[in-house]
Amino acid sequence: MLSTSANPTQKSLAPQPGASTNASVTTSRTSLEREGLRPPASTDGGRNLSASAAVSFAPRGSSLNPSPVPGSFSSDLRSQMTASRAGSRADVYNLEKLDEESLSAAEQALNELKESLNREMKIKEGSENLLEALNVKKAKQTKDQRQRVEAELNLSNHKIKELRQKITDAQRARAPPPATPTRQRPEAATQNSGLRSPPSASRSRAGSDFEDPVEQSPTFALAEILQALEVEGLTPEYYVGRANSLVDLFKRHPTLKYDLVWSVFGDRMQVMLLSDSREVVAAGYRMIRYAISDVSSLKKIRSLNTDYMVVVSLAKDRKADVEREQALKFVRAFLDVKDGVREVSRAVVRTIAAVAEHAEDRLRPICIETLAEILLRDAALLTSCGGLTPLSEALAEGTYKAPESLASALLYLLDRPQTRKYLRSGCELEVLFIAFTDVLFSYENVVKQNSKAIAASLKSWSGLMTLSMYNFRAVRSLVSSLMLPNPAIRETVIDLLFTLLRIKPPAWATSFLAGRRLTTYGRVATLKSTTVAKGTTFYEDDGAEHSFVEHYTALLLAIFIRAGMLPNLLHVAQDMDNPPLKRKTTLLIGEVLKLASRLLPPSWSAELQLLPELFSAAVEFQHDGRFNATGVVYQISSVSRTLYRSAPSSFAAGNIPSSSTLEHLGSIEETPKNSTLVNTDDATFRQLLIDSGVLSSSNPLKWDWDVTLKIIEGPLMNGKRLEEAIKASKFVKRTVSFFRPFKYRFSTYKSTRNTQKYVRVGCALMHTLLQTPEGTRYLADNKLLRQIAECLAQCDPTSGLTAQYPMFSKDHLSDTLCSGYFPMLGVLSGDPKGLQMLERWRIFNMMYHIVDLKQRPDLIKLLLSNFDYSLQGHPRVLLSKALTAGTKDMRSHATNVLRKYATRQHVTPSGQVVSDSKWAIQLLVTQLYDPEVEVCATAVKILEKACNNKYLLEYIVECRPALDHLGEIGAPLLLRFLSTSIGYHYLDGLDYISNEMDDWFLGRNDNYVGLIEASLARSFIDTSDDHPNRLSMYEDDLDGDHDIFVPPHFYRELTRTKEGCRLLEGKGHFEEFATTVREHGMQSEDPEIMTKVKGCLWAVGNVGSMELGAPFLESSDVVEHIVKIAETHEVMSLRGTAFFVLGLISRSVHGLEILSEHGWDSNCTPLGISLGFCLPMNLSKFFSFKPWKHETVASVALPDTQKTVVPPPPPVMRDADETNQRILELMVEMGNMVLYKKAKMELMMLRQKKAPGFRQPALFRKVFSLLENHHYRLGDRHMVFELFDKSVLRQIVYGDDSEDEVESSSGDEQRTERQRSISDPSEVDKFMAKMPKGSI
C-alpha cells in the first residue's frame, strides 16, 4: 500500500530577499514536520543573530537571548503590545495567589532550584537558536563563535542535569505527603513551551490544587494563541512561533480540533495564508492541516477559499519550497480522512500533475506518489485532471525510484471493469518494457529498476492477464530483448526469469558460473545430503497440502514457453563473447527443462525437451557454428545430469510431487554416506595426506581443506586407516589440535561464510572418530572435549571457574567461530558413545545450570538448536526443561526446535511406518497449555504440519489435547482431526462438527477467502534475496514456517472420511454452493456477492480435491461453470480464484477426468497420481481478455465538490473589455505549441503595460477556470499567477469582488477593510467583546 506520510528529503529554506545578507539559508533540521517550522532570519525590527559581528555573550546566569523583542529566534516570546492580554493573565494569576511567607525553607529552596532550572533551559534554547543561526554562514568565518556557543551549550546541559538531580533529591527528602492526593506537575511544565511564563514560587508549591492555566485548560491556550495571531505588523518569526505552539497544542490535545469555531479560526488562517512571508504561509498550512478532523472540517476549510491559495502556492518557484511543501502536505491530509478525496479540487490535482511533470522539481517524487494515492481512491478525478500522464512517464523513464508502488496502483484498477475503464488497454502497464526494448534508452539502472516492477506485475492476476493480451505482446517483447547485443539487458532478463520461475540455484552454481568444471560437483558427497536411504521411501499422506505457488509458476512457465523463451535463451547460450553470461543461461535452460518436466503436462514438456533449434544448428556440418552449438548441447546435458544427481534419488524428473515434499526431505533420517574413497590403497591414501598440506605445514591457512574433508569423510571411516593416520602421521593430531579452544586458532577466526568450512570439517571429524573404536578412544583421551567443557564452565556461575574474557561470551559467539563448537557437540549428542563422553566431562550438568539461571539466552539458543534429540537421554531432558521453565523467547525457540523431530518418519521396505516422533508430539501437546499465546500458536502450527501423516495424526488424537482455551488459534488443528475416523468420532463426541459446520456455512466460508488471499499474497513476497550473505548462528530451518500452502478448509477435511461425506450429503451444503456458483458466478458489480462466490468456489474445490468428494462433482455441472468463470469472467482476480480451484479439483482422478473433457490437463506421476498443476490445453483461450473502451478526460463527470469553479467554461470565453478578451484568447493560445511562444510574449507585454484586467477578480476567476479545466505546464502556471496583482487573490479569498478597492492607497492596497479594522489596537477590545463567549 502506498504510504501517505512519505516525505522527500528536505532541502534548505530560502528566506525572503532582503531578510538577510545571505542569498540562501540552510537549516540543520531535516524535517519541518518534526521540529515545526523554523522562523526566517530577522528583519531590522529585531536582533539579527546571524550577523557575525554582533555576537556577544552575557555573563553566566543571564540568558544568551534575554531580550524578548519581536523577531528574535525564541519561540517563547510573549506579546506585550495589548493590554487586554496582560489583564486576562493577571486575573488568572490573582486566583492562584498564595502567601509566599508561609513556605518552609525546604520548599523555598526547591522553588529556587526550579527557577534556576528554568533559567538554564532558556540559556540552552538561546544557545541552540544562536548555533542554528551561525550554521548558515561559512564555517571559516564563524569557527571561533561556534566553538564558544557550543561550549556554552555543553555547560548549560551539564547544569540542567545537575539541577534536575538536585530537584529530585530535594523532593525525596521532603516531609511525607498530606492525606489528600496532590497533582504532580508534568515535566513539560519545567520547560518553556512558548505558551506560558516561567513558573514562580507562588505556583510551584507541591500539593497545590492550582495548576498552570495552559495545562489546565487547553481552550484557554487556544484562545490566547489565536488572540496573539490577531496582532499585525510584527515580524514573521513571531507568527511562526505562535503557529508552532498551536500545532504543539493540537498534538497534546487531539480532541481540541473538534471544538474549533471556524469563523474565528478560519479568519486567522486566511490572514496567515495571504502573508507575504513564505514561512508564515507555510506555518498557516501546517496549522490547518493539524486542525483537520473529518469531512465536515474539510468542507469548512474549503469554504475559506483555500483551493485558490493552494494552487497559487504550488505554482510558485523553487525559492518558495517551504511553502509548496506544506501546501502539498495539506492536500495529502485530505486523503487521510475517510471520503476526503471527495473534497479534493480538480484545480489542485491539475497543479500537482503539473509539478509531477516538471523533471527538475524537488517535490516531483512526492507529487507522483500523491497522484498514485488519488488514483487508488478516486480514479475518475485523476483521469479528468490528466494525472495518468505523469505516472506513465515516471514508469517509462524510470525517474521514480519505486516503480513497484505505481505499478501496484495500476494493477488494483485493472482488476475490475468499474475501475479498469479509466486506463487504456495495453498502455499504462506496458510502458515498463520500454527500457528493455528501446536500445537508445537502455540505462542499466532503469532496466534493473523496472524489472522489479515487472516481476511484481507478473505475480498478480491483473498484471498477468493484462500483459498477456494481444497474444502475449508484452511478454514476447521482454523475451525478445534477449536478442539485443546488450549484456546488461540480457543479464537482467535472465535474473528476472530466475525470480519469476522461483528457481533456486543449486549449491554448486556459484563455482560453476565462475568457470569451474561440472565434474567437480557430480558427486553427491560434495552436495547437501538429501539422499534417501536404500530400501527407504518417503511416506506422504494422500491428502498432502497443495502448493498454489507452484501451480502459478507452472502457468508462468507455460506463458514464457509460448512467448518463445527457449529459442532466445539458446541464442544467448551460443554467444561466445560473454562466457559468464553463457554459463548462467545454460544453467537457466537446464533448470527450465527440469521444471517443465515436473510442472507441465506431457503435451507441453515432451516437445520442449528436444531443443529442436539447437540440434538443427549442431548438425549443420557445412557451417563452423556447429561446433559452438555442439558445445552448448554438451554443457546443457552436463547441467541437467548434475541437477538430476543433486536431486533426491527417489524422485526422478517428473516424479517430484511438490516443494512440500522437498521440504520434508530434511526430516528424513540421513544415512552414512557411501563414499567410494573409504576403501583406498596405500599409495592413494598417502598421496591424499600429502595433498592436504597438513603433514608439510603446521599453519592451517596452508592446508587444503577440501582434501582434508575428503580424507575425513572417506579413508578415515576405516579403522585401519584411522589408526595409521594417528600413529604413523601427524594428520589427526594436527587436525584435532586446530580445533582445541585454547590453541586460539579455530576459536579466534572470524565467523564468515568462507570460514564455515572449518565448522563442517570439525563436525565431520567428530562423526568419523565416533565410527570406530580407535577414533572413540582417541577422542576420549584428547584435550579437545576437556577444554570445551572448561569454556562452558566459565559461563556456569556454579562451577567456580571465571575468566576475564570467557571463550563463550556473547561477543565471541557472534563474531568468531566459537559458535562452531556447538554443532560439534550436536554430532556427539547423536551417538551413544558421544553422550558418554559428554557425561564424563559434566557438560550436561553445566548446561542444566545455564538453562536454570537464564542469564545467557544466546548460549541457550545455540545449545538447543544444535543438539541431536534422536536418542533418549540428557538432550531431551534439557529440551523439556527449556520448554517449561525458560523465558518466553526460550520457550518459543525450544518449541521451534521440535519442528523437524515432530515430522520425522519413513517407510521400511516391508511397508511399515517407522517413527520416533511420539516423544516430540507429547512435548508439543504440553506446549498447547503454555501461558503465552505465541508459544501455543507455534506448537499448533507444528502439530498441524505433523498431521499430514496419518500415523502421526492418529497419535495426536490419542493424546486428546484440549484446545478450547485457544479459540481461533487451535481451530486449524481441530480441522486436521477430521481427516481420520478416530478424529471424527472424537470431535463428534464434543459436538464440534455440527457447530463448526453451521459456522462455516453461515460465515466462516466467506472469511476463508480473505485468509487464503492474504496467504497467497505473502507467499509471492520474495524475502530470500534481502540478505543473501547474512549468516546466522542458529539453524535456518527452525523459523522457516512460511504460509505458502492452502490454509485448512473445513469441507476438505470433512470429506476425507466416509462419515464426513455422509454428513455433508445430509446437510445439502454442496448443492447450495453449486447453486450459488451457477446463478451468481458471473457477477462483477457487487463486492459482497463476489466474495460469496469465491467462498463457494473454494468450498467446491476442496471437496472435489478428495477422492471421496469426487461423486459430488459428478452429480452436478459445477465444474463447467467454474471453467467458464476462469475463461470469461470480467474480474481478473476471480478468474485466478477459479484457476486455483480447478487445480484443486484436478487432484482427484474423477476431477481430472471431468476437466480433461473441458480442455484442461495436468501432469501426473508414473503411478497416475495427479500433481494438481492443471493448465488449459489452449492457453490463448484462457488469456482471452479483450480490449476495453476507456474513459476520456472529457467524458468523466465530476461532482461539484471536486470543482473550484463550478460552472464549466464556455467553448469560447467572452469578456466585455477588449483587453480582457485578448488576455483570455492568449491563455487559450498558450495551449497551442505553435502559438505558444508568441502568446507568452504578448502576455508579458500586457503586464508591462499594467493592463487593468490584471487587478480584476472577475478576470482572475475566468483564467483560473481555464487552468482548472485544461493542461498547462508548471512554469506557465507560475507566470500566469505572477501577471495578476496580489490584491486580487485577497479579494478572491475574502469573497469581495468589488472593484472600488483596486485603486486604493499604496499603503493599504494589500489589506482589506476587515484586516484594517482588526489590526487597529483601539478596535481589538471591541472585536473581542463582539465574539461569543463560548465560541472557543
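Everything quoted here is computed from the prediction, not taken from an experiment.
With sequence neighbours left out, the side-chain contact (heavy atoms from CB on, under 4.5 Å) criterion links Ala488 to Glu444, Asn486. By the side-chain contact (heavy atoms from CB on, under 4.5 Å) test, Ser1195 pairs with Glu1191, Thr1192, sequence neighbours left out. Annotation: side-chain hydrogen bond (donor to acceptor under 3.5 Å, both in side chains) contacts of Glu1085 (sequence neighbours excluded): none. With sequence neighbours left out, Asn1178 forms a side-chain contact (heavy atoms from CB on, under 4.5 Å) with Ser1180, Lys1181. Every residue meeting the side-chain contact (heavy atoms from CB on, under 4.5 Å) condition with Asp378, not counting sequence neighbours, appears here in chain and number order: Val341, Arg342, Ala380, Leu381, Gln1202. For Asp1086, the salt bridge (charged side-chain N to carboxylate O under 4.0 Å, His left out) criterion is met by no residue, not counting sequence neighbours. With sequence neighbours left out, the salt bridge (charged side-chain N to carboxylate O under 4.0 Å, His left out) criterion links Lys452 to no other residue.
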Begin from the C-alpha positions of Phe1139 and Tyr552 and carry the test ring pair (Phe, Tyr, Trp, His ring centres under 6.0 Å) through to its verdict. CA-CA 9 Å; Phe1139 175 79; Tyr552 192 85; 7.5 Å; no

Please determine whether side chain to side chain contact (heavy atoms under 4.5 Å, CB included) holds for the pair Val493 and Asn568, giving the CA-CA distance in whole Å, both sets of side-chain angles, and the decisive distance to 0.1 Å. CA-CA 11 Å; Val493 173; Asn568 289 279; over 6 Å; no

Decide yes or no on side chain to side chain contact (heavy atoms under 4.5 Å, CB included) for Lys401 and Gln449, but give the supporting numbers first. CA-CA 7 Å; Lys401 302 304 179 184; Gln449 181 176 291; 3.4 Å; yes

Test log, rule side-chain hydrogen bond (donor to acceptor under 3.5 Å, both in side chains), inputs Thr437 and Ser477: CA-CA 7 Å; Thr437 56; Ser477 66; 5.9 Å; no

Would Glu369 and Tyr400 count as a side chain to side chain contact (heavy atoms under 4.5 Å, CB included) here? Give the steps. CA-CA 9 Å; Glu369 186 174 339; Tyr400 189 68; 3.5 Å; yes

Assess the residue pair Trp1188 and Tyr422 against the criterion (ring pair (Phe, Tyr, Trp, His ring centres under 6.0 Å)); give the C-alpha distance rounded to whole Å, side-chain angles, the decisive distance to 0.1 Å, and a yes or no. CA-CA 10 Å; Trp1188 58 89; Tyr422 296 109; over 10 Å; no

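Atom OH of Tyr412 is separated from atom OG of Ser1133 by 10.5 Å, given to the nearest 0.5 angstrom. Atom CE of residue Met1132 and atom CZ of residue Phe1185 lie 4.0 Å apart, to the nearest 0.5 angstrom. In this structure, SG in Cys1164 is found 5.5 Å from CG in Leu1152, a value given to the nearest 0.5 Å. Interatomic distance, His1129 NE2 to Ile1122 CD1, rounded to the nearest 0.5 Å: 12.5 Å. Atom CD1 of Ile503 and atom NZ of Lys594 lie 9.5 Å apart (nearest 0.5 Å). To the nearest 0.5 angstrom, Arg490 atom CZ is 8.0 Å from Leu484 atom CG.
Counting heavy atoms from C-beta outward, Leu411 and Leu429 have side chains that approach closer than 4.5 Å. Residues Leu410 and Leu395 are in side-chain contact: their nearest non-hydrogen atoms beyond the backbone lie under 4.5 Å apart. With a 4.5 Å cut-off on side-chain heavy atoms, Thr553 and Leu599 count as touching. With contacts defined as side-chain heavy-atom distances shorter than 4.5 Å, the pair Phe1182/Leu555 qualifies. The shortest side-chain heavy-atom distance between Phe433 and Leu478 falls under the 4.5 Å cut-off. Between Ser392 and Thr389, the closest side-chain pair of non-hydrogen atoms is not below 4.5 Å. Val1009 is not listed as a side-chain neighbour of Thr1137, based on a closest heavy-atom distance of 4.5 Å or more. For the pair Ile489/Leu482, no side-chain contact is recorded, criterion being any heavy-atom separation below 4.5 Å from C-beta on.
With Ser1148 contributing its side chain and Gly1104 its backbone, the two residues share a donor-acceptor pair below 3.5 Å. Although no hydrogens or angles enter the test, the distance criterion places a donor-acceptor pair under 3.5 Å between the side chain of Asn1163 and the main chain of Arg598. Counting only distance, with no hydrogens or angles, the side chain of Arg1147 and the backbone of Gly1172 share no donor-acceptor pair below 3.5 Å. The backbone N or O of Leu413 sits nowhere less than 3.5 Å from a side-chain atom of Gln418 that would complete a donor-acceptor pair. In this structure, the side chain of Glu428 does not engage the main chain of Leu388 through any donor-acceptor pair within 3.5 Å. Using a distance-only test at 3.5 Å, with no hydrogens or angles considered, a donor-acceptor pair links the side chain of Asn450 to the main chain of Leu432.
Scanning all heavy atoms of the two residues, the minimum distance from Pro417 to Val1131 falls at CD-CG2, 4.1 Å. Shortest non-hydrogen contact noted between Gly1081 and Val1093 is CA-CG1, 4.0 Å. Nearest heavy atoms, Leu371 versus Pro390: CD1-CG, 3.7 Å. Nearest approach of Ala435 to Val447, heavy atoms of both residues: O-CG2, 3.5 Å. Summarising the geometry of Ala356 relative to Ile368, their closest heavy-atom pair is CB-CG1, 3.9 Å, with the distance given to 0.1 Å.
Legend: ring-ring contact (aromatic ring centres under 6.0 Å, His included) pairs involving residues 471-490, not counting sequence neighbours, sorted by first then second residue: Phe472-Phe1183. Among residues at least two apart or in separate chains, salt bridge (Lys or Arg N to Asp or Glu O under 4.0 Å) pairs with a member in residues 464-480 are Glu430-Arg473. Screening residues 402-420 for salt bridge (Lys or Arg N to Asp or Glu O under 4.0 Å), with sequence neighbours left out, gives Arg420-Glu1130. Residue pairs meeting the side chain to side chain donor-acceptor pair (under 3.5 Å) criterion with at least one member in residues 1119-1128, sequence neighbours excluded, are Glu1127-Trp1160.
For Phe498, the CZ atom counts as densely surrounded, since its 6.0 Å shell holds more than 12 non-hydrogen atoms of other residues, nucleotides or ligands.
Side-chain polar atoms of Ser451 and Thr492 form no donor-acceptor pair below 3.5 angstrom.
Contact check on Lys504 versus Glu591 returns no salt bridge, with no Lys/Arg side-chain nitrogen under 4.0 Å from an Asp/Glu carboxylate oxygen. In summary, Glu1013 and Lys1094 engage in a salt bridge, as defined by a charged side-chain N under 4.0 Å from a carboxylate O.
Partner of Leu1142 under the side chain to side chain contact (heavy atoms under 4.5 Å, CB included) criterion, out of Leu1155, Leu1097, Ile1154: Leu1155 alone.
The distance between the ring centers of Phe548 and Trp1098 falls below 6.0 angstrom.
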Could you tabulate the donor-acceptor pairs under 3.5 Å formed by side-chain atoms of residues 463-470, not counting sequence neighbours?
from, atom 1, to, atom 2, distance (Å)
Thr466, OG1, Ser462, O, 2.7
Ser468, OG, Leu464, O, 2.7
Tyr470, OH, Ser425, OG, 2.9

